[in-house]
Structure formats: C-alpha cells, structure tokens
Protein chains: 2
Amino acid sequence: MKNTAAVERRRLTSAELAVWRSLFDTTAELRRRLAAQLAADSGLSPGDYAVLLALAEAAGRRLRSSELADAIDWERSRLSHHVGRMEKRGLIERVECATDSRGAEVVLTEDGARIFRNATAPHARAIKRHFGDALSPAQFDALDDILRALTTHLEATR
Amino acid sequence: MKNTAAVERRRLTSAELAVWRSLFDTTAELRRRLAAQLAADSGLSPGDYAVLLALAEAAGRRLRSSELADAIDWERSRLSHHVGRMEKRGLIERVECATDSRGAEVVLTEDGARIFRNATAPHARAIKRHFGDALSPAQFDALDDILRALTTHLEATR
DNA sequence: GGCGCACGATTGACGCGTCAATCATCTGGG
DNA sequence: CCCAGATGATTGACGCGTCAATCGTGCGCC
C-alpha cells in the first residue's frame, strides 16, 4: 500500500506512460469542456469562478489579496493580474486595507455576487454531466483513493 | 458497469464535487511540476515536447500542418502560433508543401531532434518520480479503467 | 529615531490558447 | 471553363500564467 516511501528503481513502463498521457489528455479535455460551458452559461473563466467562489465564502465577501491567493493556491502575481482584469469588468473591487496600508482587500461587488450565484447551478450540472455521470460509485471511490495517494506523494516531494 | 448510457437524475453530490476539485487541482500541480522540470532539463515547454515527439515519430521527421495538428489534437491556429515560435528558436522548419501549395510541412531540424533526444530520458524520469512512484499497480489498473470510462463518456457526448 | 530588510502587492515582458477574421488555393457543379 | 464554396493555414486581438524586477510600507534592532 504505502509505496511512496520505498524508492522505486524500475524505469517508467510504457503502460505507466500511457496512463499518464491518458490522464493528461483526458483532464485537459474535461477542463476544456467545462470552461467552454461555464463561459457560455455565465461569461466566467475557471479562474474567475475560483476567485468568486473564495470571495463568496469569505466573511464580509472580502479577503486580503494574500489570503485570497492562499485560498485558491495561486501566485500573488497571477492573482494581481487576474484581479485587475476582473475589476475592469466590475466583478470585484480593490480597496486599500485599513490596518496595513501595504495591503489590499478584494471585495465582491453586487454584480459579481449575482453573476456568481447564477453560475453555480449550471456549473455543477456541467461537472455532473461531463464527469460525474461517467463513473460508477466504485470508480469514484477508487479515484478518490488514487488522488489521495498522488496528493500525499506530491506533498512529500514538494 | 455501463452507466454512460443511463441518464442519471441525481444532482452532483458534494463527494463527487470534492473528487472533481481534487482531480482538477492535483493534475494541475502535476502538470506544473513536470513542466518546470522539463523546462529546467531541456528548455522545452510541454507543447514543444508534444510537437517534437510527433515529428520525431513521423516518417521523414516531417508532417503536414494538419496531420501534426490531428496527431497531437490541437487546433490549427494554436499549432500555427506555436510552430511560429518554435521556428524562431530553430527547433523546426516550415516548408511549403510540394503537392498542395496551400499546405505547409513542418520539418524537424537537427537541433530540434538533438534537443528532443536529450529531453526524453529526464522527462520520463520526472514522470516516474512525480506520478509513477505514487501509485501501486492496483491503483494504476484502477486509474486506467477510470480514464477509459471518462474517455468513452467524453467521446459519446462530443 | 532611523536604517535596513522583510513583506504585500503590482508591473512588464513574454510565451501560451482561443476565437473570429482573413487569405490563398483547390475543386466540383453548371 | 469558371466561379462559388470548401479547405489549409495564418493572423490579430485578447485573456491567461510565470518570472523577474520594482515599489511602497512596516518593523525590528541598535
């Protein structure tokens, strides 16, 4: 079971490579479809959605830039660029932080909240249609197990 | 087993959503690491690698633009942009097609071939280290099964 | 109290991906 | 034979992601 600890000496087999390639391609296609559907339904990109989700769940619908970056695991600079674009569209607002004038707070606007609210249900449906409906309960459990193993492995070799 | 045909009426469960999010995040992190390693080892991006791999495997180390696009499942325009950048770096060359003067052929250069050759082994090692080593043989089989189900499902609802 | 460094955040440059528009060439129906 | 539509490919615009550089502010330490 715990094969992350043992150092494997074998080379990558072609079967493993094929599974990796399939994982790469299939998840890319999944992302592509969900992104297209999300954009069609709401005009939001996956990045927009992640930002809005984090803000919608935050107390006061606002977060410090750095907290937001941590919450969605983005680099600061990526967030800065993205938030700049979202601000232009009126989805969020940037206000300077009261307690630390270096800091910025990102605040969900009414428009942003409404658009996000309207996006969630169709997005969930799309995930269900493209992903959820493809797998049996047993496959779900297996995938969950696999992802835990991968996450653990990635964290161990950060 | 064949649950792709049956229309599911349930909504997406939170467990399913969590698995999707984990799949999304984990594969993103995997891609990020492999891309960073590949770039460090060879100066190639994953896109470069895909193009070079297809060309290296092609007869005469050359392919029509459209064949190359099909081989790696890219949009024409994406390929055109990418090939333009790769040409500047001397990895490939574009020559006009003899039999159809609308067409273009993409040819692997000596430099491109050499750089690709030197990139393959470290790249395979990185895949093994970050992905292969994380999973047991049983998990591999399960993942293979899951990916087949997903692929089938995606193809069915193209 | 002020100096230096850490920290929060932004910026610019550049590669990448998609969409819509464009251009040249090929081809088949009249 | 010719021209209208299909086909192969490219382009431009724009959003996105990363890296390195930058900028202002806070703060510990003497």
Side-chain angles (χ1 to χ4, degrees), chain A residues 24-25 27-29 31-40 42-51 62-89 91-107, chain B residues 24-25 27-29 31-40 42-51 62-89 91-107:
Chain A
F24 187 91
D25 293 344
T27 54
E29 177 64 12
R31 276 179 281 118
R32 200 162 17 224
R33 296 221 193 169
L34 289 174
Q37 189 64 54
L38 182 61
S42 65
L44 298 175
S45 71
D48 297 336
Y49 193 88
V51 168
R62 65 177 53 215
L63 282 173
R64 287 284 297 268
S65 260
S66 52
E67 295 172 328
L68 180 51
D70 285 351
I72 58 183
D73 195 29
W74 281 13
E75 290 190 12
R76 280 171 173 351
S77 115
R78 176 181 179 184
L79 184 64
S80 207
H81 284 298
H82 203 97
V83 155
R85 290 187 295 264
M86 290 179 76
E87 193 170 27
K88 271 193 216 156
R89 294 193 283 150
L91 296 171
I92 54 97
E93 230 174 0
R94 267 192 283 213
V95 303
E96 71 174 48
C97 179
T99 64
D100 183 342
S101 39
R102 288 171 306 181
E105 277 193 332
V106 181
V107 188
Chain B
F24 187 91
D25 293 344
T27 54
E29 177 64 14
R31 275 180 281 117
R32 202 166 9 229
R33 297 224 192 166
L34 290 174
Q37 189 64 53
L38 182 61
S42 64
L44 298 175
S45 71
D48 298 335
Y49 193 88
V51 168
R62 67 177 52 216
L63 282 173
R64 286 286 295 269
S65 261
S66 52
E67 294 173 329
L68 179 51
D70 285 351
I72 58 182
D73 196 29
W74 280 13
E75 290 190 12
R76 280 172 173 353
S77 117
R78 176 181 179 185
L79 183 64
S80 208
H81 284 299
H82 203 97
V83 155
R85 291 186 294 263
M86 290 180 76
E87 192 169 28
K88 272 193 215 154
R89 294 193 283 151
L91 296 170
I92 53 96
E93 229 173 0
R94 265 192 283 212
V95 302
E96 72 174 48
C97 179
T99 64
D100 184 340
S101 39
R102 287 171 306 182
E105 277 192 331
V106 181
V107 188

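Chain naming here is simple, since letters A, B, ... match the order of the sequence lines and numbering starts at 1 in each. Excluded from the calculations below are hydrogen atoms, water molecules and symmetry mates; all remaining heavy atoms, backbone and side chain alike, are included.
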Next on the checklist: Please compare A:Asp100 and A:Leu79 by the position of their nearest nucleotide in DNA chain D and report the one closer to 5'.
Outcome noted: A:Leu79
Checklist outcome for this item: Between A:Thr99 and A:Asp48, whichever has its closest DNA chain D nucleotide further toward 5' is A:Asp48
Item to check | Reference residue B:Trp74; test side-chain contact (heavy atoms from CB on, under 4.5 Å); the match among B:Val51, B:Leu68, B:Val83 | outcome: B:Val51
Within a strict 4.5 Å, meaning less than it, do heavy atoms of the [X] and [Y] side chains meet?
| X | Y | result |
| --- | --- | --- |
| B:Arg64 | B:Thr99 | yes |
| B:Ser65 | B:Arg76 | no |
| B:Val106 | B:Met86 | no |

Checklist entry - Contact boundaries of DNA chain C with chain A (under 4.0 Å, heavy atoms), 5' to 3'? => result C:dC7 to C:dT18
With a non-hydrogen cut-off below 4.0 angstrom, is [X] in contact with a base, only sugar-phosphate, or nothing?
| X | answer |
| --- | --- |
| A:Arg94 | sugar-phosphate |
| B:Ser80 | base |
| A:Arg32 | sugar-phosphate |

Atom-to-atom span, [atom1] of [X] to [atom2] of [N] - whole angstrom:
| X | N | atom1 | atom2 | result |
| --- | --- | --- | --- | --- |
| A:Glu96 | D:dT25 | CD | P | 9 Å |
| B:Arg102 | D:dA6 | CZ | P | 13 Å |
| B:His81 | D:dT10 | NE2 | C1' | 8 Å |

Checklist outcome for this item: The answer to which of B:His82 and A:Ser66 contacts DNA chain C further toward the 5' end, by nearest nucleotide, is A:Ser66
Next on the checklist: For the CD atom of B:Glu67 and the CD1 atom of B:Ile72, what is their distance to the nearest 0.5 Å?
Outcome noted: 12.5 Å
All N/O contacts under 3.5 Å from nucleotides 21-23 of chain D to the protein, with atom names and distances to one decimal?
none

Checklist entry - Do any N or O atoms from the side chain of A:Ser42 and from the backbone of A:Ala39 form a donor-acceptor pair under 3.5 angstrom? => result no
Next on the checklist: Between A:Asp48 and A:Ser45 (side chain of the first, backbone of the second, donor and acceptor by atom type, cut-off under 3.5 Å), is there such a pair?
Outcome noted: yes
Checklist entry - If you look at every heavy atom in A:Arg31 and B:Phe24, which pair is closest and at what distance? => result CG-CE1, 3.6 Å
